[in-house]
Amino acid sequence: MKASTVAYKPVGMALGALGGALAGLAFKQVWKHLGHDDDAQDATDEDRSWREILIAATLQGAVFALVKAAIDRGGAVAVRRLTGTWPD
């Protein structure tokens, strides 16, 4: 295993935690902007329709994937700029 890969692991984990927090905040803002409550419905909320629950889950998954990809890619680019090598 390359030294850059080993060195990047803790950075990648920290960026992942930061990304999760940012994604949660981003989803809440998108959800509120769409005119809904502050938080998305829980999947077991019997007062919500299947459609509402599945749309919320799909949107939440998309926001999390987008933020994760942006954070991961940005971290890798930063490592390349600092070290000259791309982390594996």
Side-chain angles (χ1 to χ4, degrees):
M1 193 178 292
K2 291 184 192 176
S4 63
T5 300
V6 172
Y8 181 71
K9 290 292 182 186
V11 173
M13 290 175 64
L15 288 174
L18 175 66
L22 290 175
L25 292 172
F27 173 71
K28 284 183 180 188
Q29 291 302 313
V30 169
W31 194 246
K32 279 198 292 189
H33 181 72
L34 292 174
H36 297 281
D37 299 331
D38 286 345
D39 289 324
Q41 302 83 7
D42 189 40
T44 58
D45 186 348
E46 69 179 329
D47 297 327
R48 304 297 180 164
S49 69
W50 274 89
R51 181 175 186 234
E52 217 174 351
I53 296 295
L54 296 179
I55 288 172
T58 300
L59 181 61
Q60 188 174 26
V63 168
F64 271 80
L66 174 82
V67 171
K68 181 183 180 331
I71 296 280
D72 287 348
R73 184 65 179 205
V77 168
V79 166
R80 175 185 265 166
R81 286 183 183 155
L82 291 171
T83 66
T85 61
W86 191 262
D88 291 329

Exercise answer: donor-acceptor pairs, residues 51-72 side-chain atoms, under 3.5 Å, sequence neighbours excluded:
| unit_1 | atom_1 | unit_2 | atom_2 | d |
| --- | --- | --- | --- | --- |
| Glu52 | OE2 | Gln41 | NE2 | 3.2 |
| Glu52 | OE2 | Arg48 | NH1 | 3.2 |
| Thr58 | OG1 | Leu54 | O | 2.8 |
| Lys68 | NZ | Asp72 | OD2 | 2.6 |

Nearest non-hydrogen partners of Pro87 and Val79, listed with the distance: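 Closest heavy-atom pair between Pro87 and Val79: CD-CG1, 3.8 Å.
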Would Leu82 and Val11 show up in the same hydrophobic cluster when neighbours are defined by side-chain heavy atoms closer than 4.5 Å?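 Cluster IDs for Leu82 and Val11 differ.
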